[in-house]
Amino acid sequence: MLYSFGEIEGKWQKRWYASDLFKAKDDTSLPKYYPLIEFPYPSGSGLHVGHPRAYIALDIIARKRRMQGFNVLYCIGWDAFGLPAENYAMKNKVHPRVVSQNNIKRFKSQIQRLGISFDWSREINTTDEKYYKWTQWIFLQLFKKGLAYKAETIVNWCTGCNVVLANEEVVDGKCERCSSEVIKKQKNQWILKITGYAQRLIDDLDEVDFPSKVKSSQINWIGRSEGVNIQFKITTGDTLEVFTTRPDTIYGVSCMVISPEHRFVSQWLDLAANPAAMRNYVEAAAKKSEIERTSLDKEKTGVQIEGIFAINPVNQAQIPIFISDYVLTSFGTGAIMAVPAHDPRDSEFAKKYSLPIIEVIKEAGPSSSACESEKLINSGMLDGLSIKEAQKKITDWLEETNFGYKKVNFKLRDWVFSRQRYWGEPIPIIHCEKCGYVPLDESELPLELPEIESFEQMEAGISPLENLTDWVNVKCPKCGAAAKRETDTMPQWAGSSWYFLRYCDPQNDQELASQKALDYWMPVDWYNGGMEHTTLHLLYSRFWYKFLFDIGVVQTKEPYAKRTSHGMILGENNEKMSKSRGNVVNPDDVLDKHGADTMRLYEMFIGDFESAASWNTDSIKGCARFLERVWGLLKLPTSDADDFSDGLKLSFNKTIKKVSGEVEDLKFNTAIAALMSLLNEIYVASKINRFELKTFLLLLCPFAPHISEELWERCGLKGLACTSSWPEYNDADCLDSSTEIAIQINGRIKARIVIRTDEIKEEVLKLAKSEPSIREILGNSKIKKEVYVPRSLVNFVV
RNA sequence: GCGGAUGUGGCGGAAUGGCAGACGCGCCAGACUUAGGAUCUGGUAUUUAACGAUGUGGGGGUUCAAAUCCCUUCAUCCGCACCA
């Protein structure tokens with residue numbers, strides 16, 4: 001008897017989605033649980049077998065929580081703005097809305113075939129104006145608080161997408177999405193002041209349960225460094241400020257280096273002896289790409305600003321000044337004091353330009369361990385001090401003499417937020433010559449994305465919206481004069497920065513969600529998503545959430561109490577699945593051939609949830625066979641009972657305990673293994689009572705809900721499996737009355753005996769010694785030590 | 001360079017100081033079969049005729065006891081990277 005999964009799965013899915021079974025209730029008196037998966041971008045290629053890994057995992061949690069009596073909010077939506085749909089639209093002359101609607105339809109049917117228990121009544125879509133009304137509203141609040149500003153800065157420019165990119169979107173000097181080369185460009189852009197939250201984004205990580213890798217990546221990305229800003233007087237009368245974490249090395253300074261974009265470069269052109277050389281160098285640096293400029297193996301280049309010098313405040317030494325692109329404009333003050341003796345980069349530079357190398361720290365001998373033994377030398381007032389002491393003394397001195405002050409710097413840059421594209425949320429700002437940037441009145445939200453003929457940029461880097469003169473030309477809301485709308489749109493990360501708040505109250509047209517709903521549901525209890533979002537979506541959404549906390553919209557500091565990450569599913573050849581590699585597995589094929597329950601089990605059984613795993617078509621069979629054998633339970637002789645039989649009581653208790661615990665630790669693979677073992681034992685017993693059958697189906701239900709529900713019904717059990725209570729176990733019943741232990745001599749196993757589980761130590765040792773083979777080996781050698789690990793082993797040391 | 005991992009049978013992987021290889025795939029043998037890419041039963045780390053010995057990347061250490069803890073080394077992967 002083969003079970004026909006096709007019919008069964010279709011039948012239950014229809015019933016589930018037609019009912020309120022998985023709908024979250026607005027009853028705030030119930031204990032709540034909010035699991036969250038990253039909502040997908042509905043791409044044209046349909047669902048990938050990687051998507052369901054996360055959906056199934058949290059579906060298991062969601063289903064188990066419902067069985068445990070929680071009010072569960074488990075939702076999905078569509079992150080549907082973005083470039084792929086727009087590019088497809090340009091090529092095929094279809095509106096991106098139509099493109100993404102079709103993709104969503106396909107994604108939805110594929111996901112529903114998996115029997116995931118999403119609350120579809122709360123489905124959201126970032127491109128829906130009722131949704132992006134609130135994305136725009138949040139932007140306006142940021143603007144009003146001065147956290148959204150427009151500024152002419154040097155930005156990352158993707159030469160492929162013709163669009164600016166946030167720092168987080170540049171990977172190895174290339175565009176995160178299309179891998180085209182990224183260059184630096186001076187541009188006027190909307191920017192969000194995420195740097196204002198840098199310290200809190202680090203500090204509040206202490207409050208959340210995230211993988212240490214995620215925490216350290218974010219901390220590393222934010223890149224806090226503590227140091228001192230030091231002011232050097234310049235022979236021109238200017239003051240050059242540098243940032244350093246090593247003020248103690250100030251006597252070792254042999255030159256100053258400023259970045260090619262430093263404001264003093266142009267200021268000093270007329271004063272320097274070599275303006276032509278300076279100009280050449282700066283122009284050459286500007287032409288370099290991001291990769292060229294940051295490449296580490298490249299030789300350092302630079303040019304001296306002749307005739308202008310800096311004065312070292314501690315010893316009045318006259319120091320030459322250089323321009324070099326190894327100094328970054330965007331970090332610190334864009335200028336450094338170079339200490340070649342104690343910084344490898346400065347050392348490389350000094351060697352090339354034959355600058356003095358002044359050692360100011362006596363290197364510790366090879367025998368001494370820490371820098372504790374290192375002492376300052378050649379350093380005037382700092383001589384003989386340790387590095388720590390010297391840092392304190394020089395910092396105090398600099399502050400007293402007004403030559404410097406303590407400073408904390410971050411690597412994190414502000415978030416460049418505008419994109420020169422059509423398919424995104426319009427930025428609700430009007431530019432008036434007289435009044436500057438004027439926000440749209442909130443009553444006019446949503447500012448709808450207008451219909452448009454062509455999605456092509458008329459000119460590289462200019463939004464297609466620029467062509468819609470009727471839409472662009474408006475009256476200034478403040479003074480009534482002629483003004484223009486902002487034509488750039490928001491980046492894809494905007495809509496995804498707050499979507500989990502909307503699930504709490506998705507139909508609300510008065511607020512982004514009601515206070516009551518937010519207070520009840522937030523924070524998200526368990527958020528699972530990809531590592532690739534660690535310094536993008538995960539960081540951005542924490543920033544927005546903190547801002548919403550500050551303006552009183554939400555009541556907790558952090559949006560996600562717990563974060564986990566699933567590993568990627570690779571192709572059979574161990575490589576990332578991609579069309580070009582020809583190793584893509586289509587979930588539809590798997591579903592057609594094996595059904596949803598088998599696919600669900602297989603994706604959870606494939607290996608450690610947090611590690612990458614390669615797809616293996618042969619291994620799916622194991623899960624399919626398991627379900628066939630589950631189906632075969634119908635054939636076993638069944639007796640009425642309201643408790644476990646003596647023969648299976650132990651196994652059932654142990655399995656309930658194991659499955660209950662392991663699911664919480666993301667150990668789905670071993671939880672399923674435990675269910676397989678239990679089934680094997682049931683077959684060895686070759687009978688099952690109704691209570692056992694019921695318990696087995698309840699344990700299986702979150703993993704393979706369709707077959708569990710079908711068998712539940714066929715066995716005449718009451719109600720539905722998925723609305724019944726999660727089974728309980730008794731700790732005392734997880735121990736057998738007798739157990740086999742190993743007997744070791746000097747750590748090597750020599751025999752095994754069966755003892756009563758509650759046997760006292762002395763008796764066990766006596767039994768072990770009297771075991772014939774042990775008695776023989778021991779002979780009359782003297783036992784030095786006897787170790788007994790309860791219910792496990794005995795070790796005699798002779 | 002900095003940070004984070006990982007390394008166990010033919011394969012995916014179990015075991016967080018206490019009997020290495022659970023569970024599954026594959027493979028081998030048998031049963032049932034006209035048939036088997038179905039199902040069932042048994043077996044399956046290496047070495048040895050056997051008793052036994054060896055075995056968790058390599059080396060060292062702690063311990064009665066180490067895949068697990070410490071030191072060292074090699075290899076692979078991931079993130080960040082001229083951040084002063």
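On a predicted model such as this, the values are computed, not experimentally measured, just so you know. Labels below follow one simple rule: chain letters A, B, ... track the order of the sequence lines, proteins then strands, and each chain is numbered from 1. For the numbers below, each heavy atom of this structure counts, side chains included, while hydrogens, waters and symmetry mates do not.
Contact check of residues 658-670 of chain A against RNA chain B (heavy atom, cut-off under 4.0 Å) returns Lys667(A), Asn669(A), Thr670(A).
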Polar pairs (N or O, both sides) under 3.5 Å between protein and nucleotides 39-41 of chain B?
unit_1: C40(B); atom_1: OP1; unit_2: Arg629(A); atom_2: NH1; d: 3.4

I'd like a list of close polar pairs between nucleotides 3-12 of chain B and the protein, N/O only, cut-off under 3.5 Å.
unit_1: G12(B); atom_1: O2'; unit_2: Ile606(A); atom_2: O; d: 2.6

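For a distance-only test at 3.5 Å, the side chain of Asp618(A) fails to qualify as a donor-acceptor partner of the base of C25(B). For Lys411(A) and C80(B), a side-chain-to-base donor-acceptor distance below 3.5 Å is absent, hydrogens and geometry of angles not being considered.
Residues satisfying the side chain to side chain contact (heavy atoms under 4.5 Å, CB included) test with Lys392(A), not counting sequence neighbours, are Asp396(A). Glu664(A) is linked by a salt bridge (charged side-chain N to carboxylate O under 4.0 Å, His left out) to Lys64(A), Arg65(A), counting only residues two or more places apart in sequence or in another chain. For Glu168(A), the salt bridge (charged side-chain N to carboxylate O under 4.0 Å, His left out) test picks out no residue, with sequence neighbours left out. A search for side-chain hydrogen bond (donor to acceptor under 3.5 Å, both in side chains) contacts involving Lys406(A) returns nothing, not counting sequence neighbours. For Asp346(A), the side-chain hydrogen bond (donor to acceptor under 3.5 Å, both in side chains) partners at least two apart in sequence or on another chain are Tyr326(A). Here Arg629(A) pairs with Leu679(A), Asn680(A), Tyr683(A) under the side chain to side chain contact (heavy atoms under 4.5 Å, CB included) rule; sequence neighbours left out. Take Asp758(A) and apply the salt bridge (charged side-chain N to carboxylate O under 4.0 Å, His left out) test, not counting sequence neighbours, and it matches Arg756(A). Judged as a side chain to side chain contact (heavy atoms under 4.5 Å, CB included), and not counting sequence neighbours, the contacts of Thr617(A) are Glu572(A), Trp615(A). Looking at residues two or more places apart in sequence or on another chain, you find a side chain to side chain contact (heavy atoms under 4.5 Å, CB included) between Lys766(A) and Glu763(A).
Comparing the same atom, P, in C28(B) and in G37(B) gives a spacing of 11 Å after rounding to whole Å. Spacing of C1' atoms, A15(B) relative to G9(B), comes out at 15 Å, to the nearest Å.
Within 4.0 Å of Leu793(A), counting heavy atoms only, lies at least one base atom of the nucleic acid. Counting any heavy atom pair closer than 4.0 Å across all strands shown, Asn409(A) reaches no nucleic acid atom.
Asn167(A) and Asn156(A) share a donor-acceptor pair across their side chains, judged by distance under 3.5 Å alone.
Under the 4.0 Å criterion applied to side-chain N and carboxylate O atoms, Arg563(A) and Glu38(A) are assigned as salt-bridge partners.
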